[in-house]
Peer 1: 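A single structure is presented below for examination.
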2 protein chains.
Amino acid sequence: MTSSSTATKSPYTPSAPPLTHLENDPPLAYPTTQYNYTSAQPPPRGQYYHQHEPMFHPGTDPEIIRSFGMVDRDQNGFIDDNELQQALTSSSQKFSLRTIRLLIFLFKNLNQPSLKIGPQEFTALWSCLAQWRAIFEQFDKDRSGKINTIELRDALHSLGYAIPQSVLQVLISRYDNGNGHRIELNYDEFIECGMVVKGLTDKFKEKDPHYTGSAMLHYDQFLSLIIPFIVCD
Amino acid sequence: MTSSSTATKSPYTPSAPPLTHLENDPPLAYPTTQYNYTSAQPPPRGQYYHQHEPMFHPGTDPEIIRSFGMVDRDQNGFIDDNELQQALTSSSQKFSLRTIRLLIFLFKNLNQPSLKIGPQEFTALWSCLAQWRAIFEQFDKDRSGKINTIELRDALHSLGYAIPQSVLQVLISRYDNGNGHRIELNYDEFIECGMVVKGLTDKFKEKDPHYTGSAMLHYDQFLSLIIPFIVCD
């Protein structure tokens with residue numbers, strides 16, 4: 001499904017999150033050769049295959065397994081915020097630690113007390129980023145690496161999130177540098193905005209199981225739902 | 001009600017937010033002497049008294065009017081985030097820009113598009129901080145300059161906010177430096193946490209006018225209500 005070799009040729013990979021900075025590492029930094037991540041077969045030595053749960057589901061895309069091994073630099077079987085930030089940050093995109101933590105918070109196992117993800121959560125996160133990158137490219141018609149507010153609205157809509165324009169304006173106001181130019185978002189900013197929308201929407205839907213568009217929230221639920229988004233920095 | 005001269009004598013003023021760093025400014029930096037803020041009479045030259053609305057309400061505590069003049073360094077009649085941060089930050093407390101923006105967001109006039117406050121909103125903010133400082137001192141029984149989680153819960157409760165312990169744990173998790181010590185909050189961290197609670201609670205109450213403890217929220221309302229808290233950084 002994904003290909004890091006394709007990812008390195010263009011700032012826009014069709015589906016894979018970029019791992020460009022890993023290209024420049026010395027060969028020894030590549031766990032690929034150690035663990036044979038390019039094979040769909042279970043690798044012979046990866047400790048999180050043999051000693052730790054959870055493992056990858058059978059049938060997981062080998063490229064995702066390979067990416068996990070590249071991102072999991074300390075090879076402890078979990079991806080933490082620093083590892084994910086290193087993997088997603090390159091010269092052309094700078095994921096803030098806030099965005100990284102939000103990503104991990106949204107995808108981590110609820111039983112996992114700290115901000116880190118294992119193989120199964122990584123698979124979901126990586127697949128989501130791949131889908132969102134494809135959408136970003138689709139709406140970045142002039143391939144400038146940026147999308148404007150209208151394109152952001154349409155991109156989120158195509159991902160299933162119908163956000164009022166007034167809400168979007170508030171959401172993107174943080175990217176207004178005050179120079180009077182129209183606000184445009186890079187890919188990392190698109191992910192930052194999008195994950196806030198996705199996270200809040202997913203949480204809201206849990207309280208609106210019949211998709212009525214409204215939900216009755218108790219004060220405690222309301223605080224419990226929102227505060228994790230606010231402290232993700 | 002407040003006294004900045006008292007504020008400078010102790011890290012804990014009974015009611016006034018500290019303005020310690022202003023003490024060391026050269027006399028010319030004090031607009032007090034220019035605008036006669038110590039007098040309850042309208043000052044003779046302050047442009048925001050004569051040219052701009054809104055002005056202070058009649059009967060506003062002269063010390064608050066004086067403080068406004070000290071904080072409003074560029075004397076344009078409004079307090080922006082940088083001015084407020086300078087005023088609240090001292091060697092013993094470092095208000096983050098995030099907290100400062102949250103404070104301004106919570107107190108600014110809804111018709112004011114940018115993050116700044118005029119005299120009337122400043123009066124409300126300053127009075128609130130004075131009240132919260134008094135509460136902080138009350139619960140910092142050993143005058144260590146810190147309060148623990150239980151004291152935070154009790155302090156918020158005394159301010160009218162009954163927060164579940166589980167929510168508080170999430171809220172203060174950002175102050176856990178991972179060294180295994182019990183989390184304790186400085187005054188500025190107390191204000192940061194408290195203003196999130198106050199802001200969310202006030203917004204929730206708007207949707208629960210009969211104080212039932214629950215509110216029906218439409219998805220758009222839900223997003224509109226929360227996203228400003230998330231982008232305040």
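The structure presented is a predicted model; accordingly, all values stated were derived computationally and were not measured. Proteins come first, then strands; the chains are lettered A, B, ... in the order of their sequence lines, and each starts at number 1.
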Peer 1: With a 4.5 angstrom heavy-atom cut-off, which part of B/Leu171 approaches chain A: side chain, backbone, both or neither?
Peer 2: both
Peer 1: When rounded to the nearest 0.5 angstrom, what is the spacing between CZ in A/Phe204 and CZ in B/Phe222?
Peer 2: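 Answer for the CZ-CZ pair, A/Phe204 versus B/Phe222, is 6.5 Å.
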Peer 1: Does a side-chain heavy-atom distance below 4.5 Å link B/Ile230 with A/Arg98?
Peer 2: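 A side-chain contact exists here, since the closest heavy-atom pair is under 4.5 Å.
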Peer 1: Going from OH on A/Tyr219 to OH on B/Tyr161, what distance comes out if it is rounded to the nearest 0.5 angstrom?
Peer 2: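 Here the interatomic distance stands at 8.0 Å.
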Peer 1: Please classify the contact of A/Thr201 with chain B as side chain, backbone, both or neither, using a heavy-atom distance under 4.5 Å.
Peer 2: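 Its backbone and side chain both get close to chain B.
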Peer 1: Write down the atom of A/Ser214, the atom of B/Met216, and the distance for their closest heavy-atom approach.
Peer 2: CB-SD, 3.8 Å
Peer 1: Atom NZ of residue position B/Lys108 - does it have more than 12 heavy atoms of other residues, nucleotides or ligands inside 6.0 Å?
Peer 2: yes
Peer 1: With chain A as the partner, which of B/Leu223, B/Leu200, B/Ile163, B/Asp208 has the greatest number of non-hydrogen pairs under 4.5 Å?
Peer 2: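 Max contact count across the listed options: B/Leu200.
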Peer 1: Heavy-atom pairs under 4.5 Å with chain A are the metric here; pick the option from B/Leu225, B/Leu217, B/Val167, B/Val170 that has the most.
Peer 2: B/Leu217
Peer 1: Hey, could you give me the CD1/CD1 distance between A/Ile172 and B/Ile227, rounded to the nearest 0.5 Å?
Peer 2: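 Rounded to the nearest 0.5 Å, the CD1-CD1 separation comes to 11.5 Å.
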